[in-house]
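Heads up: the structure comes next, in structure tokens.
Keep in mind that what you see is a predicted model, and the values were worked out from it rather than measured.
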Amino acid sequence: MARLAQTAGLTDVQQEILSTVRDFVDKEIIPVATELEHRDEYPQQIVDGLKELGLFGLMIPEEYGGLGESLLTYALCVEEIARGWMSVSGIINTHFIVAYMLKQHGTPEQKDHFLPRMAAGEIRGAFSMSEPGLGSDVSAITSKAVRDGDEYVLSGQKMWLTNGGTSSLVAVLVRSDEGHPEGTAPHKSMTTFLVEKEPGFGEVRPGLTIPGKIEKMGYKGVDTTELIMDGLRVPADRVLGGVTGRGFYQMMDGVEVGRVNVAARGCGVAQRAFELGVRYAQQRQTFGKPIAQHQAIQFKLAEMATKVEAAHAMMVNAARKKDSGERNDLEAGMAKYLASEYCKEVVEDAFRIHGGYGFSKEYEIERLYREAPMLLIGEGTAEIQKMIIGRRLLEEYRFQG
């Protein structure tokens, strides 16, 4: 198990961070994850532990109180955390997308105001693009912002907010037609607003309601919610970057980070599924010998391990490309697509290795079997990734006839 998914070229600091996170996962997450997941209970004690480790400030620059680490370091930490319980990695993912967007696109005042408290874990971030009727079609957003003096009035309904209840800062993408004449391309008339709120459910500030948690098949513990804006007033200085019309590009930049995160989660869940499968295969006996000695099971384990290794390599490549400052939508799309699909397959193979016991809630693989499907749709479906990959390939390999 220890030989799989190793990463070459890490610094001593990166190795120390990963070792610390791995120990935390083994001691504080894995022993309680299944029980908390079955109760759909928010893992407050685990989150407090992550806060003490400084993980909420992992990628936030040191000048704002963070650790100033790379996306690669973050992705490898997410991989370890997801190996313990994917929901916990979801809690920090949206936080980091918002922190990254602030770091890359925020005004100096916005960075000074939010980033130090985000690094300390005092402010928890969430971000919101999707709506009930649009799915992957971001250009169809109908929620809107209307200028009223020094404020904007926001209205509309958003969907699928991870950390919607526990967060205190939400980056919300809405349509803002101010300064954008009729006929402007939809993606050029969208703006990201930084909306502060109280954690909890119900009306969390005037004009803003978080109705409650959405019940899900898996990915429990972390709260997934709707967000309803009805006359929500937001100061003009809470437009991300201070200029309207840039929201789509800001969000897509953040989603590239999110796609690397989802790929890392897929790698972590797949690793755990392999660990469970290879261990059970050596314990369970049929026809007078452990099932691991049957060729059919050995073939299955070989396929699982190869998929774990391949997904990890692509995830690392995508993270390193983003860290280099280069465009990485092709690599992030490939990594997210491959890791999520392989994760589903590795988990299902581990489930099959467990036989009837895999269907029992006593066994951890049952939880993983319900968690893996979320990765197939989170941060863009497989079809969206293929569309991104295909378009980018045609840009790179344009035929000059």
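Heavy atoms of other residues, nucleotides or ligands lying less than 6.0 angstrom from CD of Q45 number 12 at most. More than 12 non-hydrogen atoms from other residues, nucleotides or ligands lie less than 6.0 angstrom from NZ of K216. The local environment of CG in D112 is crowded, with over 12 non-hydrogen atoms from other residues, nucleotides or ligands closer than 6.0 Å. Annotation for K213: atom NZ counts as buried by contact number, over 12 foreign heavy atoms lying within 6.0 Å. Residue Q44 places its CD atom among more than 12 non-hydrogen atoms of other residues, nucleotides or ligands, all under 6.0 Å distant. Residue R39 places its CZ atom among more than 12 non-hydrogen atoms of other residues, nucleotides or ligands, all under 6.0 Å distant.
For the residue pair H312 and T7, a side-chain donor N or O sits within less than 3.5 Å of a side-chain acceptor on the partner. In the model, E226 has no side-chain atom that pairs as donor or acceptor with a side-chain atom of W160 under 3.5 Å.
No donor-acceptor distance shorter than 3.5 angstrom exists from the side chain of K336 to the backbone of A264, with no hydrogens or angles considered. Here the side chain of H354 pairs a donor or acceptor atom with the backbone of A350 at under 3.5 angstrom.
Judged by the 6.0 Å distance and 45° axis criteria, R233 is not positioned over the aromatic ring of Y152. A cation-pi arrangement, defined by a distance under 6.0 Å to the six-membered ring centre and an angle within 45 degrees of its axis, is present between K307 and Y342.
The aromatic rings of Y74 and F96 sit tilted relative to each other, their planes meeting at an angle between 30° and 60°.
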Open item on the list: Could you walk me through whether R327 and E395 satisfy the salt bridge (Lys or Arg N to Asp or Glu O under 4.0 Å) test, starting with their C-alpha distance in whole Å, then the side-chain angles of each, then the deciding distance to 0.1 Å, before giving a yes or no?
Closed with: CA-CA 13 Å; R327 180 178 178 180; E395 288 178 21; 3.4 Å; yes

